[in-house]
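Have a look at the structure below, then the notes.
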Amino acid sequence: MTECDLTSADSIIEFAKKLKYQTLRQACGEEIEKHGYRGKGNFGQILEKFYFGYEPNSESEPDFKEAGIELKSSPLKILKNGEFRSKERLVLNIINYLEVHKEDFETSSFWKKNAHLLLVFYLHESDQDLLDYIIKLVDHWHYPKEDLKIIKQDWEYINQKIKDGKAHELSEGDTFYLGACTKGSTALKSFRNQPFNEKQAKQRAYSLKQGYVNHIIANIAQEETAVYGKIIERPEILDKVLSIEEVVILKFHPFYGKSAEQIEQELGLNINQKTKSYFANLTNAILGLELGQRIEEFEKADIQVKTIRLKENSLPKEDISFPTFEYQKLIETDWEDSDFKNLLESKFFFVFYQFEGDNLILRKVRFWNMPHSDILEAKKVWKKMVKTVLNGEIVKAITDNGVRKTYFPKKTENRISHVRPHARNAADTFDLPIADKLTGLTKYTKHCFWLNASYVKNEIYLQ
DNA sequence: GCATGATCATGC
DNA sequence: GCATGATCATGC
């Protein structure tokens with residue numbers, strides 16, 4: 001018996017908040033036993049069935065139909081400083097390619113279902129039964145109006161791509177807060193027909209980006225420690241023809257062709273050129289932020305900001321590095337769930353400076369995400385890397401001066417990406433799941449995937 | 001001059 | 001102690 005009026009939003013929210021600091025076992029243990037629970041189902045299903053006492057609804061209506069509330073549960077991780085972060089993106093309803101192209105945002109299946117969310121965040125512990133996860137945060141969520149404008153633009157971008165017969169080329173990096181993420185990852189059956197192209201498209205769902213969920217969490221937990229600044233102070237600007245991309249690019253335009261030093265002067269800044277965050281500070285200042293503020297819109301959209309210094313021939317001075325990978329994790333994770341794919345599917349913001357002698361001149365900025373066909377090409381690098389580790393064939397040879405030649409994917413083998421060391425020194429290692437056949441090594445220098453400088457020049461800077 | 005492997009510097 | 005951006009060394 002629920003002590004909750006399932007037709008009243010207030011009643012539902014109030015009842016849900018009683019879950020705080022409890023586990024599912026504590027909150028609905030008896031109910032679960034009565035129904036002969038066998039460990040099947042996910043956190044959300046158990047919550048619906050055994051706490052709220054209803055069977056999951058049809059796909060097109062919100063879970064609590066009369067109250068217009070959609071229930072979502074999602075895992076948290078905890079940082080060293082004790083703050084909560086979302087463990088992943090928040091997956092919403094599946095995109096029905098055959099229907100959505102007929103919809104408008106305001107009457108869309110997405111908006112009907114997800115306008116008002118009830119969120120239950122629990123602390124995920126990999127060694128625990130999900131019945132024992134502790135629920136940390138519970139609250140409902142209405143999108144602030146400035147967020148909603150961006151979400152609507154995102155929704156429309158996704159819809160346009162479907163109308164253009166490009167559902168199979170959708171990518172999370174296409175959009176800002178609302179993404180189109182893959183769902184039903186591994187199975188071949190997760191392919192769907194699309195209305196304007198014979199090619200089948202991977203099944204995808206609307207999702208809130210991990211960064212956006214982090215902001216929801218910070219809001220609910222009311223423990224915002226960082227100082228944020230907004231690029232778009234008056235959301236009305238997005239009612240004009242302007243997208244957030246256009247707003248940002250317009251802010252940079254006046255500084256094209258100027259040196260970093262000139263820009264500093266014109267903005268009346270006094271920042272230390274030696275500091276590591278020099279270019280980040282410059283970028284923030286151009287966007288109108290105070291020193292030390294973090295860019296709210298970029299964080300919500302999981303945008304990777306990369307400042308590139310081009311040589312006089314327009315080739316980036318360096319390849320672009322990504323975080324190091326653990327060999328063990330690499331081989332036990334599918335491509336669909338891999339960190340590398342996740343990275344390549346995110347949105348990037350490139351700021352290009354070019355050397356003129358010792359001066360760095362701002363050339364241009366660009367929002368970018370990797371085209372679908374290139375992601376498939378970069379996947380080959382990942383695949384080869386996995387195979388190399390699985391085979392235990394790491395070191396090809398050792399030169400006279402002790403330098404190791406490896407079997408890792410090289411820059412010359414792939415247009416887009418390669419693998420190179422990224423470590424403190426040779427002793428800075430991760431474990432190898434399979435010992436190297438030649439040397440017997442069971443640990444190896446930390447490596448990461450890199451974007452080739454030539455790719456950045458040809459496919460991002462010159463485009 | 002570039003590809004590849006190795007390492008450094010800084011900031012949290 | 002570690003992540004990240006940056007740079008160095010060697011050999012072809």
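Quantities reported herein were computed from a predicted structural model and do not represent experimental measurements. Note that these values count all heavy atoms, side chains included, but never hydrogens, waters or copies made by symmetry. Chain A is the first sequence line, chain B the second, and so forth, proteins listed ahead of strands; every chain is numbered from 1.
Between A/T324 and C/dT4 there is no side-chain polar atom (N or O) within less than 4.0 angstrom of OP1 or OP2. Side-chain nitrogen and oxygen atoms of A/K446 include none within less than 4.0 Å of the OP1 or OP2 phosphate oxygen of C/dT4. Taking only side-chain nitrogens and oxygens, A/K405 never comes nearer than 4.0 Å to OP1 or OP2 of B/dT4. In this model, the phosphate group of C/dG11 is approached by a side-chain N or O of A/N401 to a distance below 4.0 Å at OP1 or OP2. Put simply, A/T406 has no side-chain N or O that comes within less than 4.0 Å of OP1 or OP2 on B/dT4. For A/K410 and B/dG5, the shortest distance from a side-chain N or O to OP1 or OP2 is below 4.0 Å. The phosphate of B/dT10 (OP1 or OP2) has no side-chain N or O of A/R424 nearer than 4.0 angstrom.
The nearest whole Å value for the distance from the NZ atom in A/K317 to the P atom in C/dT4 is 20 Å. For A/K306 and C/dA3, the NZ to P distance is 15 Å, given to the nearest whole Å. In this structure, A/D400 places its CG atom 16 Å from C1' of B/dG5, rounding to the nearest Å. Between the CZ atom of A/F325 and the P atom of C/dA3 there is a distance of 14 Å, given to the nearest Å. Whole-Å rounding puts the A/R420 CZ to C/dA9 C1' distance at 12 Å. If you measure from atom CZ of A/R404 to atom P of C/dT10, you get 17 Å, rounded to the nearest angstrom. A straight line from CG of A/N425 to C1' of B/dG5 spans 13 Å, rounded to a whole angstrom. Computed from coordinates, the A/F279 CZ to B/dT10 P distance equals 16 Å when rounded to whole Å.
The base of C/dG5 sits within donor-acceptor range of the side chain of A/H422, with an N or O pair under 3.5 Å.
For A/F430 and A/W450, each mapped to the nucleotide of DNA chain C holding its nearest heavy atom, the one lying further toward the 5' end belongs to A/F430. Heavy-atom nearest nucleotides on DNA chain C were determined for A/V403 and for A/F322, and the one closer to the 5' end corresponds to A/F322.
Using cut-offs of 30° and 60° for the angle between ring planes, the A/F43 and A/Y122 rings count as parallel.
A/E332 contributes no side-chain N or O that, together with a main-chain N or O of A/K329, makes up a donor-acceptor pair within less than 3.5 Å. Judged by distance alone, the side chain of A/E246 and the main-chain N or O of A/S243 form a donor-acceptor pair under 3.5 Å.
At the heavy-atom level, A/H418 lies nowhere under 4.0 Å from the strands shown. Residue contacts shown for A/K396 are absent, as no nucleic acid heavy atom lies under 4.0 Å away.
Cation-pi check for A/K136 over A/F84 is not met; the charged atom does not lie both under 6.0 angstrom from the ring centroid and within 45 degrees of its normal.
For A/D154 and A/Y206, the side-chain atoms include no donor-acceptor pair closer than 3.5 Å.
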